[in-house]
There are 2 protein chains.
Amino acid sequence: MRKDSRLSRMLHILIHMDHMEEAATSEHIATMLNTNPVVVRRTMGCLREQGYVTSVKGHGGGWRLNVALKDITLLDIHNALGESSVFTIGLSDEYTECPIEKAVNREIGDALKASEDFLLTRFGEVTLDKLTLAKA
Amino acid sequence: MRKDSRLSRMLHILIHMDHMEEAATSEHIATMLNTNPVVVRRTMGCLREQGYVTSVKGHGGGWRLNVALKDITLLDIHNALGESSVFTIGLSDEYTECPIEKAVNREIGDALKASEDFLLTRFGEVTLDKLTLAKA
DNA sequence: AACTCACGAAACATAATAAGTTACATGAAT
DNA sequence: ATTCATGTAACTTATTATGTTTCGTGAGTT
Ligand code: FES
Ligand code: FES
């Protein structure tokens with residue numbers, strides 16, 4: 001399946017924007033990400049809804065970071081991007097009456113839930129400013 | 001994205017087969033899973049390659065469990081099904097030269113790796129016979 | 001030997017979703 | 001008025017598990 005690279009892309013852009021004075025246009029951002037301005041607006045729109053960025057139309061317009069990097073975590077951005085599941089693994093018929101199938105699905109479901117909690121907890125522990133200090 | 005329910009399906013079938021005397025035909029299994037015999041052959045074929053099941057052609061043929069449930073873990077089956085990534089989350093351009101993008105991708109990649117290890121470790125701790133005892 | 005059953009495998013169709021693209025409307029600065 | 005840049009809708013593409021059709025092959029049955 002195609003991977004969802006929105007989190008990676010948005011983090012990259014947000015940190016980049018922190019270094020900038022002027023607003024970044026969707027066109028500019030799209031070039032950095034090797035993609036299309038519309039894709040940028042669509043994805044950045046999710047972040048705007050949570051107040052992490054603001055957008056301005058017209059001359060000199062574009063996108064601006066609206067919060068300090070130290071005040072946002074990877075989890076914040078992940079959540080802003082929506083509800084989609086983190087796993088490619090799913091369960092078979094959730095409305096089955098078969099007790100074996102139920103037991104299997106419960107075991108897998110519990111494991112996925114625990115693993116997702118683990119991941120999101122970690123995401124929640126990392127603020128974006130930490131990434132600017134990371135060694136290459 | 002569509003979820004990969006092969007693990008869930010195969011566990012269900014393997015446990016079911018453990019209760020059976022005769023071989024289970026792909027047709028029979030397909031009915032249980034609300035799917036197609038060809039899908040069953042395709043997926044069960046992965047398990048046969050690892051020796052977990054055997055298949056026999058012709059009259060009275062079909063699939064048989066080849067190991068004890070207590071000797072297989074969820075991880076064994078997961079691994080038998082192939083290499084595909086467990087996450088819907090991916091990274092942006094992995095060959096980027098931008099240090100910020102690298103740092104972002106390293107952070108996300110490390111977190112995904114840790115979460116996957118967590119999940120697979122758990123999968124490895126559960127043998128299939130434990131699922132037959134589970135309470136509904 | 002002929003028949004039937006069931007797997008093996010190739011080829012093609014479908015569904016779902018992130019991403020990509022095109023087109024047009026709207027608002028802001030010059 | 002013109003240009004710039006976002007907002008949005010609609011459509012296309014890419015990808016991958018799943019679904020489907022078809023034919024081949026081997027193993028019992030009669
Ligand atoms: S931070 Fe601007 S291109 Fe990576
Ligand atoms: S239908 Fe046979 S075990 Fe669920």
Side-chain angles (χ1 to χ4, degrees), chain A residues 1-10 12-13 17 20 22-49 53-64 66 78 80-93, chain B residues 1-10 12-13 17 20 22-49 53-64 66 78 80-93:
Chain A
M1 300 171 183
R2 177 168 232 182
K3 294 302 185 64
D4 179 352
S5 61
R6 292 179 301 163
L7 177 60
S8 174
R9 283 176 156 183
M10 289 302 100
H12 179 192
I13 295 306
M17 287 169 69
M20 297 176 60
E22 303 99 42
T25 67
S26 300
E27 182 69 43
H28 177 186
I29 295 172
T31 301
M32 289 172 54
L33 296 179
N34 288 309
T35 181
N36 190 291
V38 178
V39 172
V40 173
R41 290 187 193 111
R42 184 188 295 155
T43 314
M44 292 286 283
C46 295
L47 306 191
R48 182 186 49 217
E49 287 174 18
V53 297
T54 54
S55 62
V56 175
K57 286 182 174 182
H59 256 114
W63 301 86
R64 277 176 195 281
N66 201 35
H78 171 77
L81 293 175
E83 296 294 317
S84 60
S85 167
V86 166
F87 297 103
T88 57
I89 295 178
L91 305 180
S92 60
D93 180 13
Chain B
M1 300 172 183
R2 179 168 232 181
K3 293 304 183 62
D4 179 351
S5 60
R6 292 179 300 165
L7 176 62
S8 174
R9 284 176 155 183
M10 289 301 100
H12 179 193
I13 295 306
M17 287 170 69
M20 297 176 62
E22 304 99 44
T25 66
S26 300
E27 182 69 42
H28 178 186
I29 296 173
T31 301
M32 289 172 53
L33 296 179
N34 289 308
T35 182
N36 192 290
V38 178
V39 172
V40 172
R41 291 189 191 109
R42 185 186 294 155
T43 315
M44 292 286 284
C46 295
L47 307 190
R48 183 186 47 219
E49 287 176 16
V53 296
T54 54
S55 61
V56 175
K57 287 184 176 181
H59 256 113
W63 300 87
R64 277 177 195 281
N66 201 35
H78 171 77
L81 293 175
E83 297 293 319
S84 60
S85 167
V86 166
F87 297 104
T88 57
I89 296 178
L91 305 180
S92 60
D93 180 13

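Bear in mind that the values here come from a model prediction, so they are computed numbers and not experimental data. FYI, side chains are in, hydrogens and waters are out, and symmetry mates aren't considered; it's all heavy atoms of this structure. Each chain gets a letter, A, B and so on, in the order the sequences are listed, and its residues count up from 1.
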Check A/A24 against A/M17 and note the closest heavy-atom contact, atom names and distance. CB-CG, 4.4 Å
Got a donor-acceptor contact below 3.5 angstrom from the A/S92 side chain to the B/L33 backbone? no
Whole-Å gap separating C1' (C/dG8) and CZ (B/R48): 8 Å
Closer than 4.0 Å, any side-chain N/O of A/S26 to the OP1 or OP2 of D/dA5? no
May I ask you to verify if any side-chain N or O of A/T25 is less than 4.0 angstrom from the OP1 or OP2 atom of D/dA5? no
Report yes if at least one side-chain N or O of B/R41 is closer than 4.0 Å to OP1 or OP2 of C/dC7; otherwise report no. yes
Given DNA chain C, 5'-ward residue of the pair A/T43 and A/V56, judged by closest heavy atom: A/T43
Taking A/S5 for its side chain and A/S8 for its backbone only, find out whether a donor-acceptor pair lies under 3.5 Å. no
For the pair made of CD in A/E27 and C1' in D/dA5, what is the distance, rounded to whole Å? 10 Å
Under the 3.5 angstrom rule, does the side chain of A/T88 hit a backbone N or O of B/S85 as a donor-acceptor pair? yes
Find the distance A/E22:CD to D/dA5:C1' and express it as a whole number of Å. 15 Å
Is the closest side-chain heavy-atom distance between A/L47 and A/L81 below 4.5 Å? yes
Is there a donor N/O on one and an acceptor N/O on the other, under 3.5 Å, for the side chain of A/R42 and the base of D/dG7? no
Check the interface with nucleotides 24-26 of chain C: list each N/O to N/O pair with the protein under 3.5 Å, or write none.
{"residue": "C/dT26", "atom": "O2", "partner": "A/K57", "partner atom": "NZ", "Å": "3.3"}

Can you check the B/N36 CG to C/dA13 C1' distance for me, whole Å? 12 Å
Could you list the residues that satisfy salt bridge (charged side-chain N to carboxylate O under 4.0 Å, His left out) with B/R9, not counting sequence neighbours? none
Rounded interatomic separation in angstrom, taking CD from A/E49 and C1' from D/dT8: 13 Å
Output the rounded distance in Å from CG (A/N34) to C1' (C/dT21). 16 Å
Give a yes/no on whether any side-chain N or O of B/T35 is located under 4.0 angstrom from OP1 or OP2 of D/dT18. no
Check the distance between C/dC7's C1' and B/I29's CD1 and give it to me in whole angstrom. 11 Å
Distance check: side-chain N/O of B/S55 vs OP1/OP2 of C/dG8, anything under 4.0 Å? yes
Determine: side-chain N/O of A/S5 to OP1/OP2 of C/dA19, distance under 4.0 Å, yes or no. yes
Between B/G62 and A/V39, which residue's closest nucleotide on DNA chain C lies nearer the 5′ terminus? B/G62
If you find the nucleotide of DNA chain D closest to A/G61 and the one closest to A/V38, which residue's nucleotide is nearer the 5' end? A/G61
What nucleotide among C/dT21, C/dG8, D/dT29 has an atom nearest to a side-chain atom of B/W63? C/dG8
Please list every donor-acceptor pair under 3.5 Å in which a side-chain atom of residues 54-63 of chain A meets a protein atom from a residue at least two apart or in another chain.
{"residue": "A/S55", "atom": "OG", "partner": "A/R48", "partner atom": "NH1", "Å": "3.0"}
{"residue": "A/W63", "atom": "NE1", "partner": "A/S26", "partner atom": "OG", "Å": "2.8"}

